[in-house]
Amino acid sequence: MSTEANDREHAAYDFAHVQEKWLPVWDRIEPFKSGRPDDKRPKKYVLDMFPYPSGDLHMGHAEAYALGDVISRYWVQKGFNVLHPIGWDAFGLPAENAAIKRNEDPRIWTYENIATQKASMRRFACSFDWDRVFNTCDPEYYRWNQWLFLQLYKRGLAYRKDSAVNWCPGCQTVLANEQVVAGLCERCDSAVTKKKLNQWYFKITDYADRLLDDMAQLEGKWPEKVLMMQRNWIGRSMGANVKFAIDGLPEPVTIYTTRPDTLYGATFFVVAADSELAAKLAAGTEVEKEFNEYLEKIKAASDIDRLATDRPKTGVFLGRYAINPVNGEKLPIWASDYVLADYGTGAIMAVPAHDQRDLDFARAMKLPVRVVVETGEEDPNETGIATGGDGVLVNSEALNGLKKEEAITKIIAQLEKDGLGKASRNYRLRDWLVSRQRYWGTPIPIVHCEKCGEVPVEEKDLPLQLPLAEGLDLKPKGTSPLGAATDWVNVACPKCSGPAKRDTDTMDTFVDSSWYFLRYPSSTNHDEPFSRKDIDTWLPVDQYVGGVTHAILHLLYSRFFTKVLNDMGMLDFNEPFTRLLNQGMVLMDGSAMSKSRGNLVRLSDELAHHGVDAIRLSMVFSGPPEDDVDWADVSPSGSVKFLSRAWRLSGDVTSAPGVDFKKGDVSLRKATHKALHDAAFAVESFRFNVAVARVMELVNATRKAIDSGCGAADPAVREATEAIAIMLSLVAPFTAEEMWERLGHAPAVALAGWPEVDPALLVADAVEAVIQINGKIKERIEVSPTITDAEIEALALAHPTIVAELAGSTPKKVIARAPKLVNIVA
RNA sequence: GCGGGAGUGGUGAAAUGGCAGACACGCAGGUCUUAGGAACCUGUGUCUUCGGACGUGCGGGUUCAAGUCCCGCCUCCCGCACCA
């Protein structure tokens, strides 16, 4: 062999060259095109959460897409027709803020970034089906947002109301409850305040029970954490509504309580200070001035102030009394901000002995405390600690002697009989506020006519296009910038043709992402958002991959939309995502990467230094996918080393393609088949790091076989190396493709198919069994894997070491677990 | 406060109740080399009187056998946060 050829043979693996070489080939072959008409393979829908186009891809994207790719490519190798689409969640504030800064249309920034990200994804070898791409800011997409809005409107699920809403002074727009995190705007971290506004809502609360109960289907398939967060977010509680007569009011006031058993312990009554009821009760009385002052004070407080739970209780006595329906007692009525206006009825009965908040208030205002449940704990009067647990009812007439649950059942029955109350449930979940006072979103397809009121835009007139930004002032000022587009705003009423104005708000961008997964299979359909045929072919999503940041917002809204569409007869399933995997975050030196913290690692730099495959491999191998990866702990150069070791094997194989593997070295063949079996199992159980470890073991075994075993010409070496290329194609597609070519095959290795595992080769020749005495290992013996319990027990007892250890004494008990272990209890 | 999750070598991590530390990183030594930031090989939990002993946050328990199951703590992370 010439020196030159020798050099080429042993040249270091050149990842940059290999990347450039294969990308155009894959563009031509399109290995991941799904849904070809003649495709007979069973379907699988693998979905990555679509990105927001804010600049180029970062390390977090790299991890998420590497993981989604392992799953998607695995199912392709396993013979499935896999739909693995991508698109862009392209409406939203960052584009608008960038547009203001650059004084140009948000479209420019958005579409530029999409192009950048798309190019990066291609280079990153994402196995996407590029034929189905769409962006939510395309009129062809958002017209269906508008269409869906109209369907919800028709069904009474989209409505307007006046309400005190979350207001972000930074973004100058309203926010959904779900977008307020610890009292701060999730986007800009401004302290959120309240503002009274008339806004559009989706009636997600109608679906609260189904959103909760259908989670039974997701048990074991979604992370337990996400299910728990959703349950808590929906926050269903069981209790009773009870009517209290109010002196001086013709109508009784209803309260909600989860503890109707403690009715006899009520010593006062509280209404939310910011409720209409409070204002009504205070109106025209001598405390009105004091009440108004109090109301002003609490309105000025932001959510963040309200969050301090140990804040002293405050309130105003309204000078009126409520009548306890069970014993006729007069309870003083207070207004306080510790009662929420928008939960239950905004009014409560206070039972200080058994509710900590009520007790805190009672102690602050010197109100009486009466114990009605004997729990065995110390008197709340003395300790200041309310006793909320179970116990025996006292001071409660007919309920005396009953336990909590019995008393609840009995009192509810009594209240229902007397027409004073009834069993009831409440939810923490509120309706979804969808209006936004910003430009870069889907226009709400409603026209406001002086004569006809609210009039929906006709479906045939969709899409209602967003006017161009030119000439509009996009700076946030509390009202939608669309209001200034007078040509656009002023229209003829669709009903009476009289002068009317368009609704100038845009939709929350979470509307866009609530149904996008339904659009991919029909992404070029111009007549409907999605076709029934496509839905029946592809949906529901078999595997969803994305960050846990969307545990509530996006996933809850998507589940809601799915149920609405199910009710509309457009789908026949009621949960959109069968399985969910939440990948962890990529950290640097223990914390999230950020420019200001100075620990930002640029994906493009990492790719340039180590190559795409090594970065993908490092992400996947670093640990379990749901754990965070600290980039300081991973070794991309270790990945490069491993990939080049694997790659070198493909140059060492000397047998021809198609050689009969059955004639190969049995021990290497066993290693190969075990690796194929174990790696498949690991991938299916999301232990991708373990799957990689199994491939590494096989690489080591093959290296050894070539250097000091059966030799490079043995068919088993080819079998092993081909298996390595196929398994590696999930994680390191460039290296795998290059290996595949060097092994004499045509591309694409991604479609080679997962080799069938021969069960006969999964049985080891001999296994090591341990012999324990009292659980301590005393000896190791080689046994056949098919040995019986009796045989292995006999071998163990006859072993010289054991005989000596036992010194003639008879074992009390012998446990044999062939072929692994014998434990002798002496 | 309520709810959830997690604590295993120097590091990232493995382990259907059955040999704790697979696979790597790092480190140390070696082979081959003009050279090594290449390749390959060996070693690497702790202690040790070299026989072994100990070892999965702490304390109990169940079991022939516990990182794994149960009970009680401690610590950390995440979510919710006056939801009556």
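- A sub-4.0 Å separation between OP1 or OP2 of B/A14 and a side-chain N or O of A/Asn689 is present.
- Other residues, nucleotides and ligands place more than 12 heavy atoms under 6.0 Å from the NE2 atom of A/His799.
- Contact annotation: A/Lys225 does not reach the phosphate of B/G4 (side-chain N/O to OP1 or OP2, under 4.0 Å).
- Each of A/Asp342 and A/Met229 was assigned the nucleotide of RNA chain B with the nearest heavy atom; the assignment lying further toward the 5' end belongs to A/Met229.
- Whole-Å rounding puts the A/Asp628 CG to B/C78 P distance at 10 Å.
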Please evaluate residues A/Thr383 and A/Glu378 with respect to the criterion side-chain hydrogen bond (donor to acceptor under 3.5 Å, both in side chains), reporting the C-alpha separation (whole Å), side-chain torsions for both, the decisive distance (0.1 Å), and the verdict. CA-CA 7 Å; A/Thr383 59; A/Glu378 285 178 64; over 6 Å; no
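- With salt bridges taken as basic N to acidic carboxylate O contacts below 4.0 Å, none links A/Arg687 and A/Glu626.
- Nucleotide B/G37 is shown with an anti base, its glycosidic torsion being more than 90° from 0.
- Taken to the nearest 0.5 Å, the CG atom of A/Asn324 stands 10.0 Å off from the OG1 atom of A/Thr267.
- Comparing atom distances between the A/Ile815 side chain and each of B/C40, B/A24, B/C64 picks out B/C64 as nearest.
- Judged by closest nucleotide on RNA chain B, A/Met228 is the one of A/Ala341 and A/Met228 placed further toward the 5' end.
- Within the 4.0 Å cut-off from OP1 or OP2 of B/A81, at least one side-chain nitrogen or oxygen of A/Arg428 is found.
- The CZ-C1' distance, from A/Arg703 to B/U42, rounds to 18 Å in whole Å.
- Among the atoms of the strands shown, none is found under 4.0 Å from any heavy atom of A/Lys812.
- Distance, A/Asp707 CG to B/C41 C1': 11 Å, rounded to whole Å.
- Residue A/Tyr343 places at least one side-chain N or O under 4.0 Å from the OP1 or OP2 atom of B/A84.
- The distance from atom CD of A/Glu219 to atom C1' of B/G4 is 13 Å, rounded to the nearest whole Å.
- When the C1' atom is compared between B/G61 and B/A22, the two are found 31 Å apart, to the nearest whole Å.
- When the C1' atom is used for both B/C69 and B/A24, the distance is 31 Å, rounded to whole Å.
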Evaluation steps, side-chain hydrogen bond (donor to acceptor under 3.5 Å, both in side chains), between A/Thr735 and A/Asp613: CA-CA 7 Å; A/Thr735 308; A/Asp613 282 356; 2.6 Å; yes
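- The side chain of A/Thr257 approaches B/A84 more closely than any other nucleotide in the set B/A84, B/C23, B/G12.
- Contacts of A/Asn823 with the nucleic acid, taken as non-hydrogen atoms under 4.0 Å apart, include base atoms.
- A/Gln772 comes within contact range of at least one nucleobase, with a heavy-atom separation under 4.0 Å.
- Heavy atoms of A/Arg687 sit under 4.0 angstrom from primed sugar atoms or phosphate atoms, though from no base atom.
- B/C19 sits 41 Å from B/C32 when the P atoms are compared, rounded to a whole Å.
- Within the 4.0 angstrom heavy-atom criterion, only backbone atoms of the sugar-phosphate kind lie near A/Val825; the bases stay farther away.
- Rounded to whole Å, the distance from NZ on A/Lys313 to C1' on B/G1 is 11 Å.
- As judged by a 4.0 angstrom heavy-atom cut-off over every strand, A/Ile777 is placed among residues touching the sugar-phosphate backbone only.
- Checking B/U11, B/C19, B/A22 against the side-chain heavy atoms of A/Val770 singles out B/C19 as nearest.
- A/Asn700 has a side-chain polar atom (N or O) that falls below the 4.0 Å cut-off from OP1 or OP2 of B/A24.
- The nucleotide whose nearest atom lies closest to any side-chain atom of A/Asp627 is, among B/A13, B/G18, B/G12, B/A13.
- Counted by atom type alone, A/His354 and A/Thr387 present one or more donor-acceptor pairs between their side chains at under 3.5 Å.
- Between A/Ser237 and the phosphate of B/A84, there is a side-chain N or O to OP1/OP2 separation shorter than 4.0 Å.
- Remark: A/Lys313 is positioned above the aromatic ring of A/Tyr338, its terminal NZ or CZ atom under 6.0 angstrom from the ring centre and at most 45 degrees off the axis.
- Salt bridge A/Asp209/A/Arg425: present, at least one basic N to carboxylate O contact under 4.0 Å.
- Among the protein residues, A/Arg430 comes within range of the nucleic acid bases, having at least one heavy atom under 4.0 Å from a base atom.
- A/Phe621 comes within 4.0 angstrom of a base, heavy atoms only.
- Of the candidates B/A15, B/A13, B/A24, the closest approach to any side-chain atom of A/Pro624 belongs to B/A13.
- Taking atom CG on A/Leu227 and atom C1' on B/C78, their separation rounds to 15 Å, with Å as the unit.
- Distances shorter than 4.0 Å separate none of the side-chain N or O atoms of A/Lys776 from OP1 or OP2 on B/C19.
- In this entry the base of B/G61 is anti relative to its sugar, with a glycosidic angle more than 90° from 0.
- If you measure from atom CE of A/Met619 to atom P of B/G12, you get 17 Å, rounded to the nearest angstrom.
- Note: NZ (A/Lys404) to P (B/A84) measures 11 Å, nearest angstrom.
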